[in-house]
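Worksheet: one structure, shown below.
All values below come from the heavy atoms of this structure, side chains included, with hydrogens, waters and symmetry mates left out. Chain letters run A, B, ... following the sequence lines, proteins first, then strands; residues in each count from 1.
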Amino acid sequence: MRGLTRGYVIRRIGMFFLTIWLGATIIYIIPRLMPGDPVSAMISRMMAQAGRIENTEQIIAAWREKFGLDDPPLTQYLRYMGNLLTFDLDYSLSSFPARVNELIARSIPWTLGLLTMATIISFVAGNAIGALMGWRNTPKTLKAILPFSLTFTSVPFFMLGMLLIYIFAYGLRWFSPGGSAARGIPQGLTWDYIMTVIHHGMLPAFAIVLASMGGWALGMRGMMITSAGEDYLILAQAKGLRLGRIFWRYSVRNAILPQVTALALSMGSIVAGSILVEYLFSYPGTGYLLYLGIVNSDFTLIQGVVFVLIVATSFAVLLIDLLYPLIDPRITYQKR
Amino acid sequence: MTVTQNRAVESETSAAREKVLEVKNLRIHYETPRGDVIAVNGINFHVYKGETLGLVGESGCGKSTATAGILRLVQPPGRIVDGEVLLNGVDLLKLNESELRQKRWRDASLIPQGAMNSLNPVMKVKEQIGDGITTHEPGMSRQAVKERILELLTLVGLPSRVYDLYPHELSGGMKQRVCIAMGIALNPSMIIADEPTSALDVVVQRVVAQTLLDVKKKLGVSMILIGHDMGLQAQLVDRIAVMYAGNIVEIAPVRSLFEEPMHPYTQLLIASIPSIKERKPLKITEGLTHDLRNPPPGCIFQFRCPQVMEHCRKITPPLRELKPEHYVACHLYE
Ligand SMILES: Nc1ncnc2c1ncn2[C@@H]1O[C@H](COP(=O)(O)OP(=O)(O)OP(=O)(O)O)[C@@H](O)[C@H]1O
Ligand code: SF4
Ligand SMILES: [Mg+2]
């Protein structure tokens with residue numbers, strides 16, 4: 001591929017694994033620096049729920065043994081790393097005996113579906129609006145209307161979300177106020193099920209797009225304005241090119257470059273879900289899962305979600321690094 | 001000076017030669033919060049078929065703005081306030097957008113100041129020369145366009161591998177040549193070259209200037225060549241127009257201008273050409289150009305003119321033809 005050398009790709013992939021290893025080590029160490037251990041935490045939680053538990057001492061000892069908490073630290077660390085390699089993420093403390101990877105596996109498709117769609121729509125719409133706002137030849141009337149589409153960016157998200165739920169779910173009853181699918185429709189690749197999933201995703205997706213579009217638009221507008229006086233744009237005009245070509249190939253094509261980097265980064269963080277969105281709309285994604293982990297002080301769960309986040313972000317950054325020479329010919333990793 | 005007076009004078013002396021471009025009373029302002037900057041103050045000049053007109057003057061005197069005005073490329077906050085730009089008899093300032101678009105490049109092209117940034121960094125050379133051609137020649141086959149581009153590259157002395165390169169893979173001189181190749185792609189009747197060599201080192205400057213001249217000779221095209229290096233201009237152009245603070249103060253054939261500069265500003269410019277044979281003190285008169293937002297009444301050069309007279313401060317001297325083809329705007333010759 002243009003601009004890439006094998007040496008660079010190998011080094012870059014090495015960096016990717018190094019980042020993940022470092023991240024994994026950090027999330028291994030931090031909880032262990034805190035007082036208490038997971039087993040007593042679990043027992044005390046069960047006591048809180050059940051009132052009283054017999055033989056706590058024995059249970060603790062048995063579980064410590066089962067989880068290998070009495071092994072030397074290095075053995076524990078190596079086992080943890082070994083488990084990570086197979087994406088085995090321990091038991092969830094709050095929903096024992098469920099395992100964290102099961103919980104994540106269950107919620108990640110929801111988050112990926114919702115946020116990927118919403119982010120892409122928001123990116124495209126935001127950049128289109130920003131590009132038109134920052135372009136000199138945009139018709140005056142359009143230029144006057146465009147800024148209104150960004151009004152919602154300045155409204156705090158939780159208010160925007162509640163407002164949308166209030167209007168569209170309780171008021172107009174067009175959408176349901178939460179959940180990911182209607183109850184009573186069996187899960188599966190049926191028309192009904194797909195439709196209910198899309199229908200449930202629309203309101204939260206709309207909220208995300210409405211709230212995040214403005215950021216893209218403002219960034220793009222800024223880039224368009226900065227590049228407006230560029231000599232190559234003046235020359236493009238002098239050549240008598242059609243406005244559409246100048247807009248796309250000369251103006252937008254250059255202005256969008258930094259936006260693409262930002263998109264890659266936000267794509268990486270998508271797997272962590274959007275806590276606020278998923279909480280407000282009771283959407284069963286990883287964001288909601290992380291929320292549950294936090295309120296239940298379920299640190300194996302938090303650890304698991306954070307680990308997935310680390311992997312995804314590193315992967316997105318790796319991908320953009322490898323693909324960037326394709327969109328910006330000036331970036332090259334070849335030695336000259 | 002009125003337009004009619006000026007035109008009458010011109011037609012007496014130079015009716016025989018065909019004018020490709022005629023600029024009449026062109027006036028361009030930049031709007032600023034503290035008043036309009038009068039960057040081009042109603043200038044008149046013409047370019048004959050096949051000739052090269054040099055446009056000189058110190059930095060900021062309005063050379064780029066004036067020529068941008070010809071192609072209607074003045075960037076906001078600048079705007080063309082008044083005037084006519086007749087290219088082959090058609091007033092470009094009266095055309096609508098799509099008519100103008102067809103005239104651009106086909107009839108008049110631009111070799112921009114600062115070729116360093118004039119190429120789109122994300123498009124290959126072939127696409128950038130190519131889109132200028134295909135926009136105006138939609139019927140041309142891919143193969144024909146490719147051959148034309150390669151031919152142009154050879155013409156400006158570039159190797160054919162440049163065809164497939166991106167701008168950042170070229171040196172400054174090569175970029176400048178690409179811009180020249182682009183500018184001549186459609187055989188326009190008029191090329192505006194805005195200091196095409198200013199960003200280059202001296203040796204490359206000469207080579208690129210020579211390339212430009214060779215190309216121009218081959219095509220027989222008319223050209224406006226902007227520059228502030230009087231020495232270089234003397235070798236490259238047929239006639240020179242001297243600009244000061246938005247006004248043309250003298251226009252004359254090169255020989256005539258160098259042998260007998262008439263306007264005090266021109267005399268100053270010529271006197272300050274460095275020479276190896278004799279070391280002379282730099283002749284720079286006191287004071288800078290006045291604020292372009294607020295030109296003084298009378299002659300615009302009065303603050304720096306060594307020969308300033310009383311009525312120079314009241315009456316604006318018109319541009320008059322004092323000898324055949326030699327126009328000067330100065331009260332000294334009345
Ligand atoms: N955007 C602008 N806003 C206000 N004034 C401007 C603007 N652009 C140019 N000017 C003014 O217009 C005048 C003419 O500028 P122009 O670029 O045409 O000069 P020039 O003769 O080409 O100079 P140079 O030799 O440095 O290229 C200058 O005095 C400048 O200050
Ligand atoms: S008109 Fe007067 S001030 Fe202006 S250049 Fe001539 S002599 Fe100098
Ligand atoms: Mg200039």
Here's a test for you: under side-chain contact (heavy atoms from CB on, under 4.5 Å), which of B:N120, B:L119, B:N117 qualifies with A:D231?
B:N117
Part of A:L233 lying under 4.5 Å from any heavy atom of chain B:
neither
Identify whether the distance between the nearest side-chain nitrogen and carboxylate oxygen of B:K126 and B:D164 falls below 4.0 Å.
yes
The interface call for B:P167 against chain A, heavy-atom contacts under 4.5 Å, is neither
Salt-bridge contact B:R148-B:E151 (side-chain N to carboxylate O under 4.0 Å):
yes
Under a 4.5 Å heavy-atom cut-off, does chain B meet the side chain of A:R249, its backbone, both or neither?
both
Need one label for B:Q128: side chain, backbone, both or neither, based on atoms under 4.5 Å from any heavy atom in chain A.
both
Looking at B:D131 and A:R245, is there a salt bridge between them, counting it only when a charged N and a carboxylate O are closer than 4.0 Å?
yes
Checked B:C179, B:P76, B:P112 vs chain A; the most non-hydrogen pairs under 4.5 Å come from B:P76
So, are B:R79 and B:D36 salt-bridged, with charged N and O less than 4.0 Å apart?
yes
